[in-house]
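Worksheet for the structure shown next.
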Amino acid sequence: MKKKVLASLMVVAMTAAMLAGCGGGDKGSTPSDSQQEAPADDSAGGSSDDAGSDDAQAPADDAGDDAEAEKPSGDTPTIAFVPKVMGQAWWDYVQKNVEEWAADTGIEVIYKGPTEVDAAAQVKIMTDLVNQGVDILCFSPNDPAACEAICKEARDKGIIVISTEASGMENIDYDVEAFDETGLGGFLMDQLAEQMGKSGQYITMVGSMTMESQNNWADAAVARQKDAYPDMELVPDARVENGSDAEKAYQLTKEMIQKYPDLKGILGTGSFDAPGAARAIQELGLTGKVFAISVAMPLEVKDYLQDGTLGSVALWDPGVSAKVMLNLGVKMFNGEEIAAGADLGEEGYNAVDIQGKVIVGQGQIAVTMDNVDDFGF
């Protein structure tokens with residue numbers, strides 16, 4: 001096994017983000033459930049198609065729930081990365097990036113997750129890996145609360161534990177997030193404002209009025225408009241909800257355009273908003289006159305981006321976030337101090353903010369006609 005010094009040097013020498021792009025969450029992250037299945041529940045929802053793939057670097061089978069293994073000796077860490085699910089496009093893309101990181105650094109990563117979105121199955125896999133004695137455990141939980149006990153056990157054994165899309169977890173060393181709510185909301189507004197020529201009427205759209213993250217992103221977008229774009233105007237309806245349904249977003253867009261003939265912008269925050277709004281804009285022959293944006297899955301809006309109905313949608317690159325988690329784990333393994341302003345080796349994470357256990361980057365990106373094919377989901 002390579003020595004710690006070599007591993008550290010190789011990590012520092014890693015290339016910047018695979019996807020150059022402009023891309024927003026957001027992410028958040030999304031899109032956190034996402035992307036996250038995404039972005040993030042609010043941003044990139046998805047689910048397993050039960051096509052589960054083999055492990056990228058498979059551990060020994062059936063390590064046993066109760067058998068506690070000795071940690072491997074040597075200065076190169078043993079790393080495990082547990083996604084929400086295997087065989088789903090979002091997480092297949094993450095796996096590809098994890099494998100690239102492993103090839104670039106020469107550090108083996110076990111990539112193993114459940115074949116469907118199942119919290120209990122994910123915890124079982126994490127338990128097996130902890131019992132095998134990995135040095136670093138990276139994961140994105142299906143149910144953060146369900147993972148607390150095994151994460152505590154891992155940390156008690158000296159294992160470094162790093163999550164994503166789990167900013168409220170306690171039994172972790174750090175949670176890595178691509179952006180904060182203010183950052184994504186402001187990013188969405190900046191994108192829409194440019195398309196609208198920084199003037200005209202707009203409305204905000206969310207999945208529901210009870211979706212905290214989506215409403216917080218919308219609030220931040222409105223605050224950004226008031227601060228930076230005085231010639232834009234929020235219409236009296238201000239915010240509409242579509243029930244996380246693209247068909248409803250389509251109908252609402254037509255209704256709002258009829259109600260407000262001068263409406264120029266629809267700022268959505270959920271992954272169904274821009275696809276539904278774009279369909280209405282195209283059908284009404286208003287391409288280039290009315291503009292829409294939201295967090296969205298690239299392939300769901302590809303045609304609208306390529307024909308100009310949409311200028312961009314927002315997301316984060318989950319592959320880059322995964323590499324950041326791995327870089328962070330190796331830095332901690334090597335005893336490096338992690339402090340605000342730290343450079344975690346990928347674009348958007350070169351000067352991170354740290355809020356308690358949450359590491360926040362500036363990883364929101366704009367998905368456009370130029371980079372929509374880069375993701376595969």
Side-chain angles (χ1 to χ4, degrees), residues 27 29-30 32-41 44 46 48 52-53 55-59 63 65 77-88 90-95 97-99 101-102 107-178 316 318-330 332-333 344 357-359:
K27 205 231 247 42
S29 288
T30 216
S32 211
D33 220 20
S34 105
Q35 111 241 356
Q36 314 174 27
E37 237 279 28
D41 40 312
S48 169
S53 58
D55 308 345
Q57 296 288 339
D65 292 328
T78 301
I79 306 177
F81 196 110
V82 181
K84 287 186 188 328
V85 67
M86 303 286 285
Q88 191 265 349
W90 176 275
W91 294 104
D92 287 348
Y93 175 77
V94 171
Q95 180 173 354
N97 279 263
V98 168
E99 290 171 348
W101 183 92
I107 302 174
E108 179 183 4
V109 182
I110 302 164
Y111 191 93
K112 185 178 177 70
T115 55
E116 58 185 29
V117 180
D118 184 325
Q122 186 181 44
V123 170
K124 169 67 162 59
I125 290 167
M126 292 170 67
T127 301
D128 289 346
L129 291 165
V130 167
N131 287 337
Q132 289 174 39
V134 297
D135 298 301
I136 302 168
L137 175 64
C138 299
F139 72 105
S140 181
N142 287 311
D143 180 350
C147 295
E148 289 283 11
I150 187 56
C151 288
K152 182 179 187 305
E153 181 180 334
R155 294 186 75 210
D156 288 346
K157 293 181 176 182
I159 297 171
I160 296 165
V161 179
I162 299 170
S163 64
T164 187
E165 299 181 39
S167 59
M169 284 194 68
E170 296 181 2
N171 292 298
I172 56 172
D173 289 284
Y174 287 107
D175 177 77
V176 173
E177 299 296 336
W316 72 96
V320 172
S321 294
K323 290 180 178 180
V324 168
M325 295 166 72
L326 295 166
N327 289 346
L328 172 62
V330 172
M332 294 181 66
F333 182 81
L344 296 183
K357 292 186 176 183
V358 181
I359 291 179

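This chain uses plain numbering: 1 for the first residue, then up along the sequence.
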Non-hydrogen side-chain atoms of [X] and [Y] separated by less than 4.5 Å:
| X | Y | result |
| --- | --- | --- |
| Val161 | Met332 | no |
| Pro83 | Val94 | no |
| Ile150 | Lys124 | no |
| Pro141 | Met126 | no |
| Met169 | Lys357 | no |
| Ile359 | Ile162 | no |

### Query
For Asn171, what residues pass the side chain to side chain donor-acceptor pair (under 3.5 Å) criterion, not counting sequence neighbours?
Glu148

### Query
Residues two or more places apart in sequence or in another chain: which of them pass side chain to side chain donor-acceptor pair (under 3.5 Å) with Ser140?
Lys84

With rounding to the nearest 0.5 Å, note down the distance linking [atom1] in [X] to [atom2] in [Y].
| X | Y | atom1 | atom2 | answer |
| --- | --- | --- | --- | --- |
| Leu326 | Leu344 | CG | CG | 11.5 Å |
| Ser163 | Glu177 | OG | CD | 7.5 Å |
| Ile172 | Cys147 | CD1 | SG | 10.5 Å |
| Asp128 | Ile110 | CG | CD1 | 11.0 Å |
| Met325 | Ile136 | CE | CD1 | 11.0 Å |
| Tyr111 | Asn97 | OH | CG | 9.5 Å |

### Task
Just do the side-chain contact (heavy atoms from CB on, under 4.5 Å) check on Tyr174 and Ile160 with the steps written out, would you?
CA-CA 9 Å; Tyr174 287 107; Ile160 296 165; over 6 Å; no

Closest non-hydrogen atom pair, [X] against [Y]:
| X | Y | answer |
| --- | --- | --- |
| Ala154 | Val130 | CB-CG2, 3.7 Å |
| Trp91 | Val85 | CB-O, 3.2 Å |
| Pro318 | Tyr93 | CG-CD2, 3.8 Å |

### Query
With Thr78, which of Ile159, Val109, Asp135 fulfils side-chain contact (heavy atoms from CB on, under 4.5 Å)?
Asp135

### Message
The criterion is side-chain contact (heavy atoms from CB on, under 4.5 Å); which residues satisfy it with Ser321, sequence neighbours excluded?
### Response
Ala178, Trp316, Tyr349

### Under the side-chain contact (heavy atoms from CB on, under 4.5 Å) test, residues paired with Ala121 that sit two or more places apart
Pro114, Asp118

### Query
What residues form a salt bridge (Lys or Arg N to Asp or Glu O under 4.0 Å) with Asp173, not counting sequence neighbours?
Arg155

### Query
Under the side-chain contact (heavy atoms from CB on, under 4.5 Å) criterion, do Ile79 and Val330 qualify, and how do the steps go?
CA-CA 9 Å; Ile79 306 177; Val330 172; 4.1 Å; yes

### Task
Just jot down the ring-ring contact (aromatic ring centres under 6.0 Å, His included) partners of Phe139, sequence neighbours excluded, or say none.
none

### Query
Does a side chain donor of either Ser167 or Asp175 reach within less than 3.5 Å of an acceptor in the other side chain?
no

